[in-house]
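Below is one structure, written out as C-alpha cells; the observations come after it.
Note that the structure is predicted; figures quoted are calculated from it, not measured.
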Amino acid sequence: MKVAIIHYWLVGMRGGEKVIEALCEMYPQADIFTHVYVPEMVSDRIRQHRIIPTFINALPRAAKMYKTYLPLMPLALEQLDLRGYDLVISSESGPSKGIIPPSDALHVCYCHTPMRYIWNMYHDYRDSAGRLTRWMMPALAHYLRMWDVTSAARVDSFVANSATVARRIHRYYGVDSAVIHPPVDTSAFSIAAPSELGDYHLMAGELVSYKRPDLAVRAFNEMKLKLVVIGGGEMLDEIRRIAGPTVTVMGSQPFEILKQHYARCRALIFPGEEDFGMVPVEAMASGRPVVAFGRGGATETVADGISGVFFADQTVEAISAAVGRLADLDIDPAKIAAHASQFGREQFFKKMSAHIDGLLAAKASGSTAIAGPQSASRSPA
C-alpha cells in the first residue's frame, strides 16, 4: 500500500510533529508532503522519509516567514501530484487537507483544529496584527474560509484530536469526526522521590499570546510564590520584562531539563485554552498535578480533584484562587501518572490503526458508508 502524509509545515517539533512521528512509525514506507521543510528542525525519524515540499518552500525567507504565504497555500496543495497513492493522511491545523486525492484513494484527515486564524481565533489574530495585515485579513480570511469548507468535502473521514476540536469540525464543516487523542510518550517521564520535590510551580510550552503566559507570571508576582517558566516563542522578551523576583524565566531548554522540572514542581500552571494540550499530560505522567483554565482540551485530560484543579476565568485572581485550592488537594503521584497513561502512544497506535483499517476494509468491500470503529467517539450533532 502506497501512503502519503500531508503536514502543513515542518519547521520544529511541536504537538503536530509528534503526531507525524507516530504516523511515520505506523507507515514507515510513507512519503511526506509539506509546504516548508527545515531538515535540522525535525527529528531523525521524520528525516528518514522522502519529503516533498510545495513551491512555498522556494519562496523568499519561507523558513521563517511561511505564515505570510498562507494565501498561496491552497494553490500549492492543489499542485501536488498524489496519483498512485492508496492512503492519504493529512495533518491539519495549517492548510494540508486541501490536496486533490486520487479518486480511488482513502483520505483521512487528522485534525488538530480547523485553522484557528480564520475560524475560532480570527478576531484575536486580527487584533494583534500589524496595520497592513489587519487591513488585508478580512478579504483574505473570507477567501480562505470558502476554500477551507469546500476542501473539507475532499476528506473521507475526519479524526479530531479532542472532543473540543470535534465540535469545531462539526460547526465549521458540518461533519462528524472520530476522537482519537494525540500520542504522548508518557513512558518518557518518571515520578520524583518526595525528598526531591522543589518549592516552585512550573509553566512550560511555547510563549504565545493565546496561551496567556502573562497571566500566570502576573499571578505569581502578586502571590510572591516561585514560578519557573520554560519555553521560547514570540512573548519570551515580554515575559522576561514583566517577571518579578520570584519568577525565573529559563527560555527553551533540552528535554532532560524540562523532564526534571516536571517531576520536581509543585504543580504545572496551564493558563491558556488549548485544542488538546500535551504539556498537562506530560506533567501528569511525572506525577504532578495541573492548575488549568477550565476550557478546551485540558478538560478532557485533567481529572478535577484527582490530577488537578480548574479555574473558570482567565484572570490573575482566578489563577491565584486555584493555586490556593490546590493546597487542599490530596496529591497521589502514582494515581496521577496512572491517569495520564491513557493518553500514551500505544493508545494512539491502537485506535488510529483500528480506525484506518476499518475505513480501508469498508472501502474494499464497496460499502458506501465509511465509518470508524465502534469505540471511536463522535462529535455531537
(request) Indicate whether any N or O donor in one side chain lies under 3.5 Å from an N or O acceptor in the other, for Asp148 and Tyr172. (result) no
(message) Any side-chain to backbone donor/acceptor pair from Arg145 onto Ile118? Under 3.5 Å, distance only.
(response) yes
(request) Please report the shortest heavy-atom distance between Val249 and Arg240, naming the atom on each side. (result) CG1-CG, 3.6 Å
(request) Check step by step if ring pair (Phe, Tyr, Trp, His ring centres under 6.0 Å) holds for Phe255 and Tyr262. (result) CA-CA 10 Å; Phe255 175 72; Tyr262 274 142; 8.1 Å; no
(message) Please report the interatomic distance OG1(Thr133) to CZ(Arg126), rounded to the nearest 0.5 Å.
(response) 11.0 Å
(message) Counting C-beta onward and ignoring hydrogens, is there a side-chain heavy-atom pair between Met235 and Ser209 closer than 4.5 Å?
(response) yes
(request) Please tell me if the side chains of Asp304 and Val309 come closer than 4.5 Å, counting only heavy atoms from C-beta onward. (result) yes
(request) Take Trp119 and Arg168, measure what side-chain contact (heavy atoms from CB on, under 4.5 Å) needs, and give me the verdict at the end. (result) CA-CA 9 Å; Trp119 292 113; Arg168 289 181 202 155; over 6 Å; no
(request) Only one of Asn161, Ile32, Ile20 passes side-chain contact (heavy atoms from CB on, under 4.5 Å) with Ser91; say which it is. (result) Ile20
(request) Would you check if Glu346 and Phe349 make a side-chain contact, meaning some heavy-atom pair closer than 4.5 Å? (result) yes
(request) Please confirm whether the backbone N or O of Pro71 pairs with a side-chain atom of Tyr143, one donor and one acceptor, at under 3.5 Å? (result) yes
(message) So Pro114 and Val165, do their side chains get closer than 4.5 Å, heavy atoms only?
(response) yes
(message) Rounded to the nearest 0.5 Å, what separates atom CD in Glu274 from atom OG1 in Thr299?
(response) 12.0 Å
(request) Check Phe158 against Cys111 and note the closest heavy-atom contact, atom names and distance. (result) CD2-CB, 4.4 Å
(request) Give, for atom CD1 of Ile269 and atom CZ of Phe220, the distance between the pair rounded to the nearest 0.5 Å. (result) 4.0 Å
(message) Does any part of the side chain of Pro182, heavy atoms only, come nearer than 4.5 Å to the side chain of Lys18, both counted from C-beta?
(response) no
(request) Would you tell me whether Glu21 and Ser43 have side-chain atoms, one donor and one acceptor, within less than 3.5 Å of each other? (result) yes
(request) For Arg116 and Glu273, run salt bridge (Lys or Arg N to Asp or Glu O under 4.0 Å): C-alpha distance rounded to whole Å, both residues' side-chain angles, the deciding distance at 0.1 Å, then the answer. (result) CA-CA 12 Å; Arg116 58 175 65 90; Glu273 179 182 354; over 6 Å; no
(message) If I take atom CD from residue Glu300 and atom OG1 from residue Thr164, how far apart are they, to the nearest 0.5 angstrom?
(response) 4.0 Å
(message) Hydrophobic clusters here meaning ILVMFWY residues chained together by side-chain heavy-atom distances under 4.5 Å, can you tell me if Val208 and Val247 are in one?
(response) no
(message) Using only atom types and a distance under 3.5 Å, with no angle test, would you say the side chain of Ser90 pairs donor to acceptor with the backbone of Ser96?
(response) no
(request) Answer yes or no: does atom CG of Asp127 have more than 12 heavy-atom neighbours from other residues, nucleotides or ligands under 6.0 Å? (result) yes
(message) Assigning hydrophobic clusters by single linkage (Ile, Leu, Val, Met, Phe, Trp, Tyr; side-chain heavy-atom cutoff under 4.5 Å), is Ile242 placed with Met250?
(response) yes
(request) Tell me, please, whether Phe293 has Arg212 positioned over its six-membered ring: NZ or CZ under 6.0 Å from the ring centre and within 45 degrees of its axis? (result) no
(message) Strictly distance-based, threshold 3.5 Å: is any side-chain N or O of Asp86 a donor or acceptor partner for the main-chain N or O of Lys2?
(response) yes
(request) Give the intermediate values and the outcome of side-chain contact (heavy atoms from CB on, under 4.5 Å) for residues Val184 and Glu282. (result) CA-CA 7 Å; Val184 181; Glu282 292 175 345; 3.9 Å; yes
(message) Main chain of Ala188, side chain of Lys259: is a donor-acceptor contact present, judged purely on distance under 3.5 Å?
(response) yes
(request) Report yes or no: does Gln253 contribute a side-chain atom to a donor-acceptor pair with the main-chain N or O of Ile230 at less than 3.5 Å? (result) no
(request) Could you tell me whether a side-chain N or O of Thr34 sits under 3.5 Å from a main-chain N or O of His7, the two making a donor and an acceptor? (result) yes
(message) Could you check whether Thr54 and Gln79, counting side-chain N and O atoms only, form a donor-acceptor pair closer than 3.5 Å?
(response) no
(request) Measure from NZ or CZ of Lys64 to the centre of the six-membered ring of Trp9, then state whether that distance is under 6.0 Å and the direction lies within 45° of the axis. (result) no
(message) Are the side chains of Leu82 and Ile100 in contact, using a 4.5 Å heavy-atom criterion?
(response) no
(message) Taking the six-membered ring for Trp, are His35 and Tyr66 closer than 6.0 Å centroid to centroid?
(response) no
(message) Please verify the inter-ring angle class for His181 with Phe276; under 30° counts as parallel, over 60° as perpendicular, anything in between as tilted.
(response) tilted
(request) Kindly say whether Ile52 contributes a backbone atom to a donor-acceptor pair with the side chain of Asp31 at under 3.5 angstrom? (result) no
(message) Restricting to non-hydrogen atoms, name the atom on Ser93 and the atom on Met115 that form the minimum distance, rounded to 0.1 Å.
(response) O-CG, 3.2 Å
(request) Could you tell me whether the side chain of Tyr200 reaches within less than 4.5 Å of the side chain of Arg264, counting heavy atoms only? (result) yes
(request) Apply the ring pair (Phe, Tyr, Trp, His ring centres under 6.0 Å) test between Tyr117 and each candidate in Tyr122, Tyr210, Tyr125; give the one that qualifies. (result) Tyr125
(message) If I compare all heavy atoms of Ala216 with all of Met203, which pair ends up nearest, and what's the gap?
(response) CB-SD, 3.5 Å
(request) Kindly say whether Val42 contributes a backbone atom to a donor-acceptor pair with the side chain of Arg47 at under 3.5 angstrom? (result) yes
(request) May I ask you to check whether over 12 heavy atoms, not counting those of Met121, lie within 6.0 Å of atom CE? (result) yes
(message) With no hydrogens and no angle check, just 3.5 Å: does a side-chain donor-acceptor pair link Ser151 and Lys97?
(response) yes
(request) Quick one: do Met13 and Ile46 satisfy side-chain contact (heavy atoms from CB on, under 4.5 Å)? Show the steps, please. (result) CA-CA 10 Å; Met13 288 301 300; Ile46 292 175; 4.0 Å; yes
(message) Quick check for you: to the nearest 0.5 Å, what is the distance between Leu23 atom CG and Ile89 atom CD1?
(response) 5.0 Å
(request) Go through Val323 and Arg266 one step at a time and tell me if the side-chain contact (heavy atoms from CB on, under 4.5 Å) criterion holds. (result) CA-CA 10 Å; Val323 170; Arg266 287 187 176 180; over 6 Å; no
(message) Is any side-chain heavy atom of Leu77 closer than 4.5 Å to one of Ile6?
(response) yes
(message) Could you report the tightest heavy-atom contact between Arg50 and Tyr85, atom names first, then the distance?
(response) NH1-OH, 3.9 Å
(request) Might you confirm whether atom CZ of Arg134 has over 12 heavy atoms from other residues, nucleotides or ligands at distances under 6.0 Å? (result) yes
(request) Inspect the surroundings of CZ in Arg14 and state if more than 12 heavy atoms from other residues, nucleotides or ligands are less than 6.0 Å away. (result) no
(request) Quick one: pull up CG in Asp199 and SG in Cys265 and give me the separation to the nearest 0.5 Å. (result) 11.5 Å
(message) If you compare all heavy atoms of Met284 against all heavy atoms of Ile336, which two are closest, and at what distance to 0.1 Å?
(response) O-CG2, 3.4 Å
(message) So does His107 get a backbone contact from the side chain of Asp156, meaning a donor-acceptor N/O pair under 3.5 Å?
(response) yes
